[in-house]
Every structure is written in C-alpha cells, then in structure tokens.
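Worksheet for the structure shown next.
Computed over heavy atoms, backbone and side chain alike; hydrogens, waters and symmetry mates excluded.
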Amino acid sequence: MDIGKVSTFTDYFVVATANNARQLNALVEALDTDLRDKEIRPRRVEGAPDSGWVLIDFGDAIVHLFSPDERRYYSLEGLWSKGVSVVHMT
C-alpha cells in the first residue's frame, strides 16, 4: 500500500498473511536473507511469529506479517483506506 500521502512516518506498507507461526518465521528469515545480500537492514523488528504479527521497519517501507486472525482483527487496509493499493495478490 502506498500511504506516503497520508503518513509522515513511512511511504509504504507491505501486508502479508501466513497460515501459522512456522510460515511467519520463514517469511521473516527469507526477507532477512534476501535483503541482507543487498545490504538492506531493518531499523527495527517488533513481534514474533508465535504472536501472529511481525512488523519489520525498513524506514520507507514497513512490512506487516500477520496470521489470518490478527490480519482480520487489525484490518490495516481498512485503517489506512486513504492509501493506494499498489499490488494485491491472493
């Protein structure tokens, strides 16, 4: 989601869902591995796979990795509905 016009702290949200803690952990590790090769490091990581929500702050983009229940509960797409969906995959 491009939220740059409605946010002062970041330009993009990347929102993804994983079906369980193991998948969440795999996504976190894959991001770390792939971006480390490009010398891109997160500013901060919050949450843990077993909590159902991991937030990875890269500054210009913040990645939100959710379990299905947590994604429905927090409904970031609804909260940031003034943002523009750039890519939507199911």
Residues 8-16 side chain polar contacts: donor-acceptor under 3.5 Å, at least two apart:
{"residue": "T10", "atom": "OG1", "partner": "G59", "partner atom": "O", "Å": "2.9"}
{"residue": "T10", "atom": "OG1", "partner": "D60", "partner atom": "O", "Å": "3.0"}
{"residue": "T10", "atom": "OG1", "partner": "A61", "partner atom": "N", "Å": "3.4"}

Suppose we screen for side chain to side chain donor-acceptor pair (under 3.5 Å). Which residues come up paired with E29, at least two apart in sequence or across chains?
N25
Return the set of residues passing side chain to side chain donor-acceptor pair (under 3.5 Å) with T17 (not counting sequence neighbours), or none when no residue passes.
R71
Pairwise side-chain contact, I56 with I62, heavy-atom cut-off 4.5 Å (strictly under):
no
hydrophobic_cluster_shared for Y74 and V54, side chain cutoff 4.5 Å
no
Under the ring-ring contact (aromatic ring centres under 6.0 Å, His included) rule, what pairs show up with a residue in residues 20-42, not counting sequence neighbours?
none
Looking at every non-hydrogen atom in both residues, tell me the closest pair between P68 and A18 and how far apart they are.
CD-O, 3.2 Å
So S67 and N19, do their side chains get closer than 4.5 Å, heavy atoms only?
no
Without placing hydrogens or testing angles, list every side-chain donor-acceptor pair under 3.5 Å for residues 44-51, not counting sequence neighbours.
{"residue": "R44", "atom": "NE", "partner": "E46", "partner atom": "OE2", "Å": "2.3"}
{"residue": "R44", "atom": "NH2", "partner": "E46", "partner atom": "OE2", "Å": "3.0"}
{"residue": "S51", "atom": "OG", "partner": "A48", "partner atom": "N", "Å": "3.4"}
{"residue": "S51", "atom": "OG", "partner": "A48", "partner atom": "O", "Å": "2.7"}
{"residue": "S51", "atom": "OG", "partner": "W53", "partner atom": "N", "Å": "3.3"}
{"residue": "S51", "atom": "OG", "partner": "W53", "partner atom": "O", "Å": "3.1"}

Value rounded to 0.5 Å, distance of CD1 in I3 from OG in S81
11.5 Å
I'd like to check the side chain to side chain donor-acceptor pair (under 3.5 Å) partners of R36; sequence neighbours left out, ordered by chain and number.
D32
d(K82 NZ, D2 CG) to nearest 0.5 Å is 15.0 Å
E70 side chain to F66 main-chain N or O, any donor-acceptor pair under 3.5 Å?
no
Hydrophobic clustering (ILVMFWY, side-chain heavy atoms < 4.5 Å, transitive) - are Y73 and L65 grouped together?
no
Joining Ile, Leu, Val, Met, Phe, Trp and Tyr whenever any side-chain heavy atoms lie under 4.5 Å apart, the cluster holding V84 also takes in none
Counterpart residues, salt bridge (Lys or Arg N to Asp or Glu O under 4.0 Å), relative to R72 (two or more places apart)
D69
Can you get from L79 to L55 by hopping between Ile, Leu, Val, Met, Phe, Trp and Tyr side chains that sit under 4.5 Å apart?
yes
Minimum heavy-atom distance between W80 and S7, given as atom pair plus value
CZ3-CB, 3.9 Å
